[in-house]
There are 2 protein chains.
Amino acid sequence: MLSPFGDLETSMWATSCGAATEADHRAREILTRVGDKWSVIVLYQLGEDTMRFTELLRTVPGISQRVLAVTLRGLERDGLVSRTVHPVVPPHVDYRLTPLGETLKETVTSLVRWTHEHLDDIDRARESYDETNGGPPRRPAVPDSDLRSR
Amino acid sequence: MLSPFGDLETSMWATSCGAATEADHRAREILTRVGDKWSVIVLYQLGEDTMRFTELLRTVPGISQRVLAVTLRGLERDGLVSRTVHPVVPPHVDYRLTPLGETLKETVTSLVRWTHEHLDDIDRARESYDETNGGPPRRPAVPDSDLRSR
DNA sequence: CGGTATCCTCTCCGATACTG
DNA sequence: CAGTATCGGAGAGGATACCG
């Protein structure tokens, strides 16, 4: 989730059913943040070791400089990651998990591990699904009337 | 986005499977699904019990009918959730975790539990961050000329 | 009840360029 | 090295309406 700015959902929580309500709402708000794809990966990398900006840029292939910066800012604001600037000539900035971030480490690790362990299962499931359903779901329709003139 | 990174000193799985760039890419793709805000919550709910469509619509307040449908189809395609239609009138459709989905249950549960346990920590961290930084980071800063009427 | 189909907006995020 | 500024495309997701 790249906007560390709060999301403001003014929904109808008052009339919700008993079991899952207020707490789930707030949890969902946080989940939106920690569940972000880049956040999880960055968190995972920082779980391994303290890292510098460029180091993360290399270790998380595919992330852009801007998105990494924004992601780190968000994690820092949420108190999961700390940023330490060493006032030396070429700037040197270290990122590491805070104690709060450490409490997430195991969960994030198991999430990432699960993903790697079940890549093939998911591939097979998708293949099978697409086979019996004639392709992936919800195709954006044929682009023959592709009028995007703006 | 392709990653022309041949060097990856990533981590544990880099050593076990040589083409880690490919695996990383796929892993990120899966993380996007698993890390999706609605998927995690739906998965969590189904971890508790088998549920019907409308039931989920009620217990996951804030989700729209369309998004729930899309989310469920995605989870079904990935083999995490199964859909069972009972040919009765009125229609009755059950959703539940597949065995593969069950293997994710613990991780999802601990993720959700973590958010519940640390809501206050994060609130405090944000408050403190905003205080010392003069507000939340980097709002998109809408130009005056970009005002939209709604 | 359990969905699709459309439309439309808002956010994400990549590419590029510039700075301390 | 470690960012920020700006632009633009793509897609997520909400509202609404309709169907088997």
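Given the structure is predicted, the values throughout are model-derived calculations rather than measurements. Just so it is clear: chains get the letters A, B, ... in the order the sequence lines come, proteins before strands, and each one is counted from 1.
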Test: ring pair (Phe, Tyr, Trp, His ring centres under 6.0 Å). Region: residues 53-90 of chain B. Which pairs qualify, not counting sequence neighbours?
B:H86-B:H92

Grab the N/O contacts between the protein and nucleotides 1-5 of chain C below 3.5 Å, and write none if there aren't any.
unit_1 : atom_1 : unit_2 : atom_2 : d
C:dC1  : O3'    : B:R52  : NH2    : 3.0
C:dC1  : O3'    : B:P91  : O      : 3.2
C:dG2  : OP1    : B:R52  : NE     : 2.8
C:dG2  : OP1    : B:R52  : NH2    : 3.1
C:dG2  : OP1    : B:V93  : N      : 3.3
C:dG2  : OP2    : B:T54  : N      : 3.1
C:dG2  : OP2    : B:T54  : OG1    : 2.5
C:dG3  : OP1    : B:R83  : NE     : 3.0
C:dG3  : OP1    : B:R83  : NH2    : 2.6
C:dG3  : OP2    : B:Y95  : OH     : 2.6
C:dG3  : N7     : B:Q65  : NE2    : 2.5
C:dT4  : OP2    : B:R73  : NH2    : 3.1

Heavy atoms only: give me the nearest B:T71-B:S39 pair and the separation to one decimal.
CG2-OG, 3.7 Å

Identify the two heavy atoms, one from B:S82 and one from B:T98, that lie closest to each other, and give their separation to 0.1 Å.
N-CG2, 3.6 Å

Length of the line joining [X]:[atom1] and [N]:[atom2], which is rounded to integer Å:
{"X": "A:L56", "N": "D:dG3", "atom1": "CG", "atom2": "C1'", "answer": "13 Å"}
{"X": "B:I63", "N": "D:dG14", "atom1": "CD1", "atom2": "C1'", "answer": "11 Å"}
{"X": "A:L68", "N": "D:dC1", "atom1": "CG", "atom2": "P", "answer": "14 Å"}
{"X": "B:L57", "N": "D:dA15", "atom1": "CG", "atom2": "P", "answer": "12 Å"}
{"X": "A:D36", "N": "C:dC12", "atom1": "CG", "atom2": "P", "answer": "9 Å"}

Indicate yes or no: does [X] engage [Y] in a salt bridge with an N to O separation below 4.0 Å.
{"X": "A:R73", "Y": "A:E76", "result": "yes"}
{"X": "A:D94", "Y": "A:R52", "result": "no"}
{"X": "A:D130", "Y": "B:R77", "result": "yes"}

Closer than 3.5 angstrom, by distance alone: can the side chain of A:S128 be matched with the main-chain N or O of A:R124 as a donor-acceptor pair?
no

How bent is the helix from C:dC1-D:dG20 to C:dG20-D:dC1, measuring the angle between the end axes built from five pairs each, rounded to 10°?
50°

The test is side-chain contact (heavy atoms from CB on, under 4.5 Å); show your working for B:L111 and A:V108 and say whether it passes.
CA-CA 8 Å; B:L111 186 57; A:V108 163; 5.8 Å; no

